[in-house]
Amino acid sequence: MYRISTAAALAMSSNPTARANVRVTVTATAVIINLVVILILDEVYGSVARWLTQIEVPKTDKTFEERLIFKAFLLKFVNAYTPIFYVAFFKGRIVGRPGDYYYIFQSFRMEECAPGGCLMELCIQLSIIMLGKQLIQNNLFEIGIPKMKKLIRYLKSRRQSAHDHEEHLKKKQRYEVDYNLEPFAGLTPEYMEMIIQFGFVTLFVASFPLAPLFALLNNIIEIRLDAKKFITELRRPVATRAKDIGIWYNILCGVGKVAVIINAFVISFTSDFIPRLVYLYMYSPDGTMHGFVNHTLSYFNASDFKPGTEPNDPGALGYNVDVCRYKDYREPPWATSKYDLTKEYWSVLAARLAFVIVFQNLVMFMSDFVDWIIPDIPKDISEQIHREKVLMVEVFLKEEQGKLQMLETWKEHEKKKEEISNNQSPGLSHSHRGSSSSVYSQRVDV
């Protein structure tokens with residue numbers, strides 16, 4: 001609504017500069033407003049996700065954390081990427097055609113993309129949201145909010161200790177000073193930042209190829225900011241062991257698979273890559289791109305405007321316009337089925353869907369192939385693990401062999417004692433045999 005109303009207001013402006021830059025002005029201001037809304041709703045959705053998880057009453061801390069992460073990710077994923085999805089796949093596709101436009105509140109037409117498509121606007125939208133979110137939320141908020149909480153906690157403690165002057169003058173221990181720091185809230189916010197950034201880098205990288213570079217620069221800066229935050233602004237965390245990164249791994253795998261499909265749709269539906277290929281190989285008379293723009297334009301008879309939708313001043317150009325052109329694949333007004341979709345439209349649509357299927361399967365196959373070639377454990381580490389297992393088996397075997405040898409020598413020693421006792425008197429031998437057997441049983445028990 002903001003885009004449509006602002007574009008209509010600027011188009012009627014008396015300033016020629018404002019009329020000439022309507023699209024850039026509307027896009028930039030709308031994205032900035034959208035960024036502010038995203039940052040506010042991020043905090044709201046974090047609280048909503050925690051409240052929903054507490055209502056479920058999970059039995060263990062691990063289950064609570066996994067459910068909280070999943071809900072927070074879904075809400076923040078929708079919050080961050082919905083405007084980008086709108087520009088990439090919905091904007092300019094439900095506007096109608098001349099003479100049959102779709103209107104909002106019967107007065108505002110649905111917004112359209114530029115004549116060259118929505119790819120450039122998608123690039124602007126993605127760059128502003130990604131860079132603004134990283135700069136404001138990931139960097140400024142991470143340092144600013146803990147500092148403010150630390151200052152508030154320090155002022156409260158100073159106000160309480162002002163009543164006891166002697167206690168206030170006493171030198172505090174380190175743990176008392178650290179009590180003024182912000183409590184450690186876990187690594188979930190850090191993981192969430194990286195996952196959302198991973199989505200910006202992978203989901204729409206076809207429209208903004210510089211996204212990985214900006215993500216790298218942001219992460220280099222954030223490493224130092226996180227180090228300063230953990231050392232000077234947060235209390236010392238309690239170290240706990242973890243087998244892996246938990247549910248974050250599944251989320252990363254899911255985002256990676258969805259990114260392949262989304263980039264295939266961005267290339268095929270948002271850009272003119274497929275229509276150009278179709279024209280080049282199917283409709284070009286000389287095998288070049290000459291005539292491509294004319295091929296993508298349809299004809300419209302100005303007399304077919306509905307009452308109340310025609311131009312206010314038909315003679316604004318200095319002459320009357322009987323037939324105009326617009327970007328679409330439709331039949332001309334002199335055809336029997338005028339303004340219906342042409343065969344070229346269905347050819348381009350079939351080529352786009354075929355490209356999505358081929359691109360998706362090819363990238364998935366290459367991904368699985370690379371995953372199969374590159375082992376999860378490096379070769380030198382796997383060899384070292386195998387060598388350690390062999391050494392452990394050899395040590396166990398040596399220990400068992402030593403025990404067997406000790407047992408055999410002990411048996412031989414006992415046999416010799418029995419032979420000596422048999423050569424003595426029967427009474428003595430009987431008593432001695434009894435004592436030796438008891439000793440033998442004791443040793444066997446031991």
Side-chain angles (χ1 to χ4, degrees), residues 2-3 6 21-46 72-91 111 113-114 116-147 188-229 248 251-252 255-256 258-259 262-263 265-267 270-271:
Y2 169 80
R3 291 170 185 264
T6 307
N21 299 307
V22 170
R23 193 173 299 277
V24 177
T25 305
V26 171
T27 301
T29 54
V31 173
I32 293 173
I33 295 173
N34 204 355
L35 173 63
V36 175
V37 174
I38 288 174
L39 296 178
I40 295 173
L41 290 181
D42 259 352
E43 304 300 325
V44 175
Y45 286 148
F73 171 74
L74 285 181
L75 292 172
K76 293 187 177 184
F77 181 92
V78 173
N79 183 39
Y81 302 124
T82 296
I84 304 175
F85 273 95
Y86 166 72
V87 174
F89 303 120
F90 297 99
K91 183 178 179 180
E111 58 176 345
C113 296
C118 285
L119 193 62
M120 183 55 65
E121 187 173 348
L122 177 62
C123 178
I124 296 173
Q125 181 103 5
L126 179 61
S127 60
I128 293 179
I129 291 179
M130 177 183 173
L131 298 178
K133 201 170 186 304
Q134 289 181 349
L135 178 64
I136 298 175
Q137 188 176 40
N138 296 1
N139 295 332
L140 295 181
F141 283 6
E142 279 193 2
I143 297 298
I145 292 178
K147 280 186 176 296
T188 299
E190 307 296 331
Y191 275 115
M192 188 67 71
E193 291 174 11
M194 293 296 102
I195 296 296
I196 297 298
Q197 185 193 83
F198 180 72
F200 282 122
V201 170
T202 57
L203 292 178
F204 298 94
V205 69
S207 62
F208 186 44
L210 289 177
L213 176 62
F214 287 113
L216 174 63
L217 296 176
N218 172 78
N219 292 343
I220 292 174
I221 298 173
E222 190 167 355
I223 287 173
R224 308 315 309 164
L225 293 178
D226 284 344
K228 179 177 177 58
K229 180 182 72 172
W248 294 112
I251 294 176
L252 279 172
V255 172
V258 172
I262 291 178
N263 279 285
F265 275 96
V266 168
I267 296 172
T270 308
S271 68

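Just so it is clear, the values below take in all heavy atoms, side chains as well, and ignore hydrogens, waters and symmetry mates.
- Contacts of P189 classified as side chain to side chain contact (heavy atoms under 4.5 Å, CB included), with partners at least two apart in sequence or in another chain: none.
- No donor-acceptor pair under 3.5 Å is formed between the side chain of N79 and the backbone N or O of L75.
- For F198 and Y191, the ring centers sit 6.0 Å or farther from each other.
- T27 places no side-chain N or O within donor-acceptor distance of the main-chain N or O of V24, the cut-off being under 3.5 Å.
- Looking at F200 and Y81, their side chains come closer than 4.5 Å, going by heavy atoms from C-beta outward.
- Smallest separation of non-hydrogen atoms from V26 and Y2: O-CE2, 4.4 Å.
- Residue pairs satisfying the salt bridge (charged side-chain N to carboxylate O under 4.0 Å, His left out) criterion with at least one member in residues 76-91, sequence neighbours excluded, are listed as follows: K91-E111, K91-E121.
- Ring centroids of F73 and F77 are separated by less than 6.0 Å, placing the two rings close together.
- One finds the CZ atom of F214 at 10.5 Å from the CG atom of L126 (value rounded to the nearest 0.5 Å).
- When the shell of 6.0 Å around CZ of F90 is examined, it contains 12 or fewer heavy atoms from other residues, nucleotides or ligands.
- The minimum heavy-atom distance between I267 and A206, with the atom names listed, is CG1-CB, 3.9 Å.
- Applying the side chain to side chain donor-acceptor pair (under 3.5 Å) test to pairs two or more places apart or on separate chains, those with a residue in residues 192-213 are Q197-N219.
- Evaluation of the side chain to side chain donor-acceptor pair (under 3.5 Å) test over residues 126-136, restricted to residues two or more places apart or in two chains, returns D42-K133, K133-Q137.
- With contacts defined as side-chain heavy-atom distances shorter than 4.5 Å, the pair I262/F89 qualifies.
- To the nearest 0.5 Å, the span separating CD on Q125 from CG on L35 amounts to 10.0 Å.
- Between atom OG1 of residue T6 and atom CD1 of residue I33 there is a gap of 7.0 Å, rounded to the nearest 0.5 Å.
- The shortest heavy-atom contact between T270 and A88 is OG1-O, 2.8 Å.
- Applying the side-chain hydrogen bond (donor to acceptor under 3.5 Å, both in side chains) rule to T25 yields no partners; only residues at least two apart in sequence or on another chain are considered.
- For the atom pair CG of L252 and CD1 of I195, the computed distance is 3.5 Å after rounding to the nearest 0.5 Å.
- Contact detail for A215 and V201: the closest heavy-atom pair is CB-CG2, 3.6 Å.
- Here CD1 of I128 is found 10.0 Å from CZ of F208. Values are rounded to the nearest 0.5 Å.
- Two residues are said to be in side-chain contact when any heavy atoms from C-beta on lie closer than 4.5 Å; W248 and M192 meet this criterion.
- Closest approach of A80 to I129, counting heavy atoms only: O-CG2, 4.4 Å.
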Could you tabulate the donor-acceptor pairs under 3.5 Å formed by side-chain atoms of residues 220-229, not counting sequence neighbours?
unit_1	atom_1	unit_2	atom_2	d
E222	OE1	N218	ND2	3.3
K229	NZ	E190	OE2	2.5

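- Between the CD1 atom in I251 and the CG atom in L74 there is a gap of 7.5 Å [rounded to 0.5 Å].
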